[in-house]
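Following: one structure in structure tokens, then a few remarks.
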There are 2 protein chains.
Amino acid sequence: MASIKITPEPTIRRLPKYVHLLTILKHKGVKSVSSTMIAESLELDSTLVRKDIEATGIVGRPKTGFLVDKLIMALREHLNWNNEDDAFLIGAGSLGAAILGYKGFRECGLNIVAAFDNNPAKIGTVIKNVPVLDYTKLEEHCRRMHIHIGIITVPAPVAQQTADALIRGGVRAIWNFSPTQIATPQWVVVEYAQLTMSLAVLKRKLRETELTDNSIQETK
Amino acid sequence: MASIKITPEPTIRRLPKYVHLLTILKHKGVKSVSSTMIAESLELDSTLVRKDIEATGIVGRPKTGFLVDKLIMALREHLNWNNEDDAFLIGAGSLGAAILGYKGFRECGLNIVAAFDNNPAKIGTVIKNVPVLDYTKLEEHCRRMHIHIGIITVPAPVAQQTADALIRGGVRAIWNFSPTQIATPQWVVVEYAQLTMSLAVLKRKLRETELTDNSIQETK
DNA sequence: TAGATTGTTAATCGATTAACAATC
DNA sequence: TAGATTGTTAATCGATTAACAATC
């Protein structure tokens with residue numbers, strides 16, 4: 001039986017930070033690194049860093065730490081960044097175009113091979129080197145090209161029907177940029193990349209610090 | 001003393017979902033809603049929903065639940081979406097342009113009043129109705145306009161110096177879209193909106209489900 | 001009233017942090 | 001060897017879930 005250990009989501013979210021930091025160190029010529037060093041750079045606890053690294057299966061050496069090269073490769077392997085997945089993006093608006101134009105995703109094993117839109121003025125054009133196809137042919141293309149990842153950048157009201165079409169076409173993972181919850185069968189992975197959520201945290205925390213600072217001033 | 005209760009971050013992240021759902025219900029003419037209904041729509045536990053709502057200070061009525069209108073207003077107030085904050089965006093590339101073009105942020109109390117770039121070809125132009133100014137004048141403009149929020153969409157290598165300029169200019173909160181960790185004084189709030197992180201979760205989970213399915217097939 | 005739903009307290013769960021023996 | 005660092009076990013912490021009395 002192929003046993004796979006589920007990596008806790010908080011750990012997964014930290015791994016790309018390690019890859020980024022280690023890549024910078026590698027370019028500086030650093031050969032090995034300790035969990036303490038990583039922890040200090042990223043403002044984390046060193047035990048946490050070791051626990052995270054454990055998920056990749058890499059073992060370090062007491063006194064010297066971890067080999068930068070091996071660690072980068074193991075992290076990328078664990079995140080499946082070494083296997084390139086083809087993906088479709090649906091909704092060629094300004095957010096969609098930004099995602100099409102972002103080169104960094106290639107590094108993470110994501111290759112967007114086509115965009116879809118229902119606007120006749122956009123269908124047939126090419127945005128950032130990616131062809132824009134007819135939305136009504138989405139399901140058919142998914143199936144024919146064995147696409148497993150769909151990226152949803154359509155307006156909220158049509159997010160669900162877009163997801164439905166992707167799933168009928170055989171998609172197994174959906175990256176949802178619309179602010180809507182979408183219902184899917186349990187075998188489909190959905191990741192919400194909601195900027196609104198992130199902005200909410202920013203604005204709330206800003207207010208909390210402002211009010212906390214005031215109360216300190218009032219106290220003295 | 002102005003006492004403010006810190007809202008746990010997981011709660012903050014869920015609140016925008018409630019706002020979105022409730023707004024849809026409101027437009028359908030729904031007047032009141034129970035925590036059970038919200039929980040079912042968003043696939044959460046109803047106790048969790050009640051705990052989250054508690055953070056806003058709204059109390060419900062047994063049997064009937066919560067008034068949709070009042071709840072929306074309280075949630076928006078809690079997230080500080082009713083107070084508009086002016087913000088600067090630094091880095092007018094394709095990601096920056098997408099953010100400038102996204103109308104939804106206005107709803108969340110974010111008003112991007114200017115963009116900054118160091119590319120002479122972009123300085124002086126207008127993108128999505130927002131003027132692009134000279135990066136070297138960033139600090140000065142921040143101070144003069146009392147800007148408290150900076151949005152970083154520059155390439156990773158210059159993210160830190162951009163943050164430094166913002167902080168010197170008096171910025172209190174930074175929304176960082178670059179993949180780099182940035183160091184800031186403890187009184188500056190930093191929220192990382194890293195798409196790479198979100199993509200990592202998607203790709204890893206996709207692989208985990210694939211491997212889990214395989215092992216099930218092998219077992220039978 | 002009876003029944004649904006709230007608000008709250010206690011139990012559970014999972015992630016982070018602390019402590020420390022093993023190792024190079 | 002001495003000291004730094006790993007890997008691991010135990011303790012802590014915080015968030016979620018379960019249980020239930022209070023209430024409309």
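None of these values were measured; they are calculated from a predicted model. So that the names make sense, note that chain A is the first sequence line, chain B the second, and so on, each numbered from 1.
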Could you check whether any side-chain heavy atom of [X] comes within less than 4.5 Å of a side-chain heavy atom of [Y], counting everything from C-beta outward?
X: A/Ile147; Y: A/Val113; answer: yes
X: A/Ile167; Y: A/Trp187; answer: yes
X: A/Phe116; Y: A/Thr162; answer: no

> Which atom names give the shortest non-hydrogen contact between A/Leu71 and A/Ile38, and what distance separates them?
Replying inline: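 Here A/Leu71 and A/Ile38 meet closest at CD2-CD1, 4.4 Å.
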
>> Under 4.0 Å from a heavy atom of chain A: give me the 5'-most and 3'-most nucleotides of DNA chain C that qualify.
In response: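 Listing 5' to 3', DNA chain C meets chain A from C/dA15 to C/dC24.
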
Considering only NZ, NE, NH1 and NH2 on the basic side and carboxylate oxygens on the acidic side, decide whether [X] and [Y] come within less than 4.0 Å.
X: A/Arg207; Y: B/Glu77; result: yes
X: B/Arg204; Y: A/Glu9; result: no
X: B/Glu84; Y: B/Arg106; result: yes

> So, the side chain of A/Lys203 versus the backbone of B/Leu110: is there a donor-acceptor pair under 3.5 Å, distance only?
Replying inline: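 Pair absent, no side-chain N/O of A/Lys203 close to backbone of B/Leu110.
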
> Between the main-chain N or O of B/Ile90 and the side-chain N or O of B/Thr153, is there a donor-acceptor pair closer than 3.5 Å?
Replying inline: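 Confirmed, B/Thr153 side chain pairs with B/Ile90 backbone.
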
>> Using five pairs at each end of the helix from C/dG3-D/dC24 to C/dC24-D/dG3 to define an axis, what is the angle between those two axes, to 10°?
In response: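 So the angle between the two local helix axes works out to 10°.
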
Any residue of [range] with a heavy atom less than 4.0 Å from an atom of DNA chain D:
range: residues 38-45 of chain A; result: none
range: residues 19-33 of chain A; result: none
range: residues 54-78 of chain B; result: B/Arg61, B/Pro62, B/Lys63

> Only one of B/Gln194, B/Glu191, B/Arg13 clears side chain to side chain donor-acceptor pair (under 3.5 Å) with A/Ser198; which?
Replying inline: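 When side chain to side chain donor-acceptor pair (under 3.5 Å) is applied between A/Ser198 and each of B/Gln194, B/Glu191, B/Arg13, only B/Glu191 qualifies.
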
> More than 12 heavy atoms of other residues, nucleotides or ligands under 6.0 Å from CD of B/Glu139: is that the case?
Replying inline: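 Yes, enclosed.
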
> salt bridge (Lys or Arg N to Asp or Glu O under 4.0 Å): which pairs involve residues 16-43 of chain A, sequence neighbours left out?
Replying inline: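 Non-adjacent pairs meeting salt bridge (Lys or Arg N to Asp or Glu O under 4.0 Å): A/Lys26-A/Asp69.
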
> Which residue lies toward the 5' end of DNA chain C, B/Lys51 or B/Ser35, if each is placed at its nearest nucleotide?
Replying inline: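 Comparing both residues, the 5'-ward one is B/Ser35.
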
